[in-house]
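Okay, so here's the structure we're looking at.
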Amino acid sequence: MKRILTGIQSSGKPHLGNVLGAILPAVELSKKADNECFFFIADLHSLTTIKDAEDRKNNVYSVAAAWLAFGFDTDSNFFYRQSRIPQVCELTWYTSCFMPFSRLSLAHSFKDKADRLEDVNAGLFLYPVLMSSDILLYDAEVVPVGKDQKQHLEITRELARRINHHYKTELFVIPEIKLDEKVMIIPGTDGQKMSKSYNNYIDIFKPKKQLKKDVMKIVTDTKALEDPKDPDTCNVFQLYATVASPEQIEEMAANYRAGNYGYGHAKTALFELLWTKFEKEREQYDYYMNNLDEVDRLLSIGEDRARETAVKVLDRVRKTLGFS
Ligand code: TYM
């Protein structure tokens with residue numbers, strides 16, 4: 001039995017990058033009978049950038065509804081809000097006292113946020129330590145994520161090894177990083193990594209008209225309709241390739257190379273594919289967003305179960321560190 005764990009920050013509605021990079025591969029893993037999955041909503045992490053309480057609550061529901069819409073079976077797994085298992089904060093204190101300051105100051109995500117944001121708070125700096133606690137608190141063995149989270153997982157592995165070495169015991173499980181080549185970095189509408197913070201994301205749960213509008217906004221070069229085009233350097237094609245079948249991808253690539261196929265045609269094909277491919281998930285997402293009591297109920301059950309594991313692991317940590 002493998003213990004799989006991953007989380008999504010409640011800093012907005014999950015976008016296509018989250019869906020393809022994290023939700024779909026994680027839910028696939030959860031369908032294997034010999035896996036046990038801990039999938040959660042990282043609402044404590046969202047406080048680093050979101051201070052509005054109502055926004056946070058809505059975002060938590062959006063992330064929860066997305067996990068459920070993609071078929072996460074909460075009966076046989078663990079589904080929870082990070083903040084409802086506050087043991088994670090206690091563990092963060094312990095582990096942060098083993099975390100070299102210099103290592104954290106080199107984290108890409110911190111440097112990127114420190115350059116862009118006005119509010120550069122200490123929570124942003126400690127972000128990777130809280131993330132390590134999310135993983136170590138549940139003895140997770142495998143953590144599927146997109147490439148942007150790779151460094152955070154390397155930090156987690158180093159930290160766990162450092163503490164194990166210090167106490168000369170296998171206190172923490174060293175988690176394996178699981179990256180799926182095909183969906184490691186889903187591009188956004190401007191060609192950079194799709195991200196809430198770059199505002200370049202595609203929200204597959206939006207109503208038809210709005211989804212179409214967003215897809216039509218994808219940035220391309222200015223080649224004329226009749227010109228042959230290079231699919232490998234086109235953002236629309238790259239996005240299409242992340243969701244289309246091999247035959248559909250081949251057909252669109254051939255259209256690009258032949259000419260007389262404009263970016264407008266490609267965008268329409270991408271929009272139609274997104275609209276039809278995720279129809280069931282969109283309906284499910286809307287269902288859960290209209291039945292928040294049910295979402296709350298499922299989360300509370302998951303939280304009671306997840307807490308049992310957290311309490312046991314934290315007890316082990318307290319004993320090892322001399323706090324019991
Ligand atoms: P977050 O919320 O930014 O993203 C959630 C997941 O989606 C992946 N992802 C992408 N994958 C491919 N292409 C993209 N453009 C793209 N954008 C996002 C992310 O890699 C991630 O897997 N710190 C984490 C949340 C977290 C967590 C954890 C994850 C907190 N604790 C413990 C794993 C384990 C975050 O902000 O992800």
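Order of appearance sets the numbers: ligands from 1, and atoms from 1 within every ligand.
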Original post:
Does Met184 have a non-hydrogen atom less than 4.0 Å from ligand 1?
Top reply: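 Yes; Met184 lies near enough to ligand 1 that a heavy-atom distance drops under 4.0 Å.
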Original post:
Contact between His152 and ligand 1, counting heavy atoms under 4.0 Å?
Top reply: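 For ligand 1, residue contact (heavy atoms, under 4.0 Å) with His152 is absent.
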Distance from [atom] to nearest protein heavy atom, with residue and atom:
{"atom": "atom 22 (O) of ligand 1", "answer": "Gly146 N, 3.2 Å"}
{"atom": "atom 31 (N) of ligand 1", "answer": "Asp134 OD2, 2.6 Å"}
{"atom": "atom 10 (C) of ligand 1", "answer": "Gly17 O, 3.5 Å"}
{"atom": "atom 23 (N) of ligand 1", "answer": "Tyr127 OH, 2.8 Å"}
{"atom": "atom 6 (C) of ligand 1", "answer": "Ala22 CB, 3.4 Å"}
{"atom": "atom 14 (C) of ligand 1", "answer": "Ile186 N, 3.6 Å"}
{"atom": "atom 26 (C) of ligand 1", "answer": "Gly7 O, 3.9 Å"}
{"atom": "atom 5 (C) of ligand 1", "answer": "Asn18 ND2, 3.5 Å"}

Original post:
Counting only heavy atoms not in Gln210, do more than 12 sit closer than 6.0 Å to its CD atom?
Top reply: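 More than 12 within 6.0 Å, yes.
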Using a 4.0 Å cutoff against the non-hydrogen atoms of [X], which atoms of ligand 1 qualify?
{"X": "Lys193", "result": "15 (N)"}
{"X": "Ile8", "result": "2 (O), 5 (C)"}
{"X": "His15", "result": "17 (N)"}
{"X": "Ala42", "result": "30 (C)"}

With heavy atoms under 4.0 Å as the rule, classify the contact between [X] and ligand 1 as side chain, backbone, both or neither.
{"X": "Ile135", "answer": "side chain"}
{"X": "His45", "answer": "side chain"}
{"X": "Tyr138", "answer": "neither"}
{"X": "Val143", "answer": "side chain"}

Subject >> Worked verdict on Glu283 versus Tyr287 for side-chain hydrogen bond (donor to acceptor under 3.5 Å, both in side chains) >> reply: CA-CA 6 Å; Glu283 275 170 23; Tyr287 167 80; over 6 Å; no
Original post:
Which pairs, with at least one residue in residues 61-78 and sequence neighbours excluded, count as a side chain to side chain donor-acceptor pair (under 3.5 Å)?
Top reply: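 Counting only pairs at least two positions apart or across chains, the side chain to side chain donor-acceptor pair (under 3.5 Å) contacts touching residues 61-78 are Tyr61-Asp296, Ser62-Tyr285, Asp73-Ser76.
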Original post:
What distance separates Ile155 CD1 from Thr95 OG1, expressed to the nearest 0.5 Å?
Top reply: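 Nearest 0.5 Å value for the CD1-OG1 distance: 11.5 Å.
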Subject >> Nearest-0.5 Å distance that lies between atom CE in Met99 and atom OG1 in Thr156 >> reply: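 One finds 8.5 Å between CE of Met99 and OG1 of Thr156.
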Subject >> Per atom 20 (O) of ligand 1, closest listed option by heavy atom (Ile185, Asp148, Val145, Ile41) >> reply: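 Ranked by closest heavy atom to atom 20 (O) of ligand 1, first place is Asp148.
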Original post:
Out of Gln149, Lys147, Gln9, whose heavy atom sits nearest atom 24 (C) of ligand 1?
Top reply: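 It is Gln149 that holds the nearest heavy atom.
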Subject >> Minimal non-hydrogen separation, Asn35 against Met1, with atom names >> reply: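 Looks like C-SD, 4.1 Å.
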Subject >> Least distance between heavy atoms, Lys229 atom then Tyr261 atom >> reply: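 Closest approach of Lys229 to Tyr261, heavy atoms only: NZ-O, 2.9 Å.
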**OP:** Among Thr309, Ile4, Thr6, Asp139, find the residue that satisfies the side-chain contact (heavy atoms from CB on, under 4.5 Å) test when tested with Phe38.
**Re:**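 Between Phe38 and the candidates, side-chain contact (heavy atoms from CB on, under 4.5 Å) is satisfied uniquely by Thr309.
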Original post:
Between Tyr201 and Asp214, do the side chains contain an N or O donor and an N or O acceptor separated by less than 3.5 Å?
Top reply: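 Note: Tyr201 and Asp214 side chains miss the donor-acceptor criterion.
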**OP:** Please assess Asp304 against Arg307 for the test salt bridge (Lys or Arg N to Asp or Glu O under 4.0 Å), listing each intermediate value before the final yes or no.
**Re:** CA-CA 5 Å; Asp304 287 344; Arg307 198 172 296 112; 3.0 Å; yes
**OP:** Check whether the ring centres of Phe70 and Phe39 lie less than 6.0 Å apart, and answer yes or no.
**Re:**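 When the ring centroids of Phe70 and Phe39 are compared, they turn out to be at least 6.0 Å apart.
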Subject >> Verdict with supporting geometry, Phe40 and Tyr138, ring-ring contact (aromatic ring centres under 6.0 Å, His included) >> reply: CA-CA 12 Å; Phe40 68 98; Tyr138 299 96; 7.3 Å; no
Original post:
Below 3.5 angstrom, do we get any N/O pair linking Met194 and ligand 1?
Top reply: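 The answer is yes, given that Met194 and ligand 1 share an N or O pair closer than 3.5 Å.
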**OP:** Please confirm whether Gly21 comes within less than 3.5 Å of ligand 1 when only nitrogen or oxygen atoms on both sides are compared.
**Re:**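 It does not: no N or O of Gly21 is found under 3.5 Å from an N or O of ligand 1.
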**OP:** Could you go through the ring-ring contact (aromatic ring centres under 6.0 Å, His included) check for Phe125 and Phe101 one step at a time?
**Re:** CA-CA 9 Å; Phe125 188 70; Phe101 181 89; 4.9 Å; yes
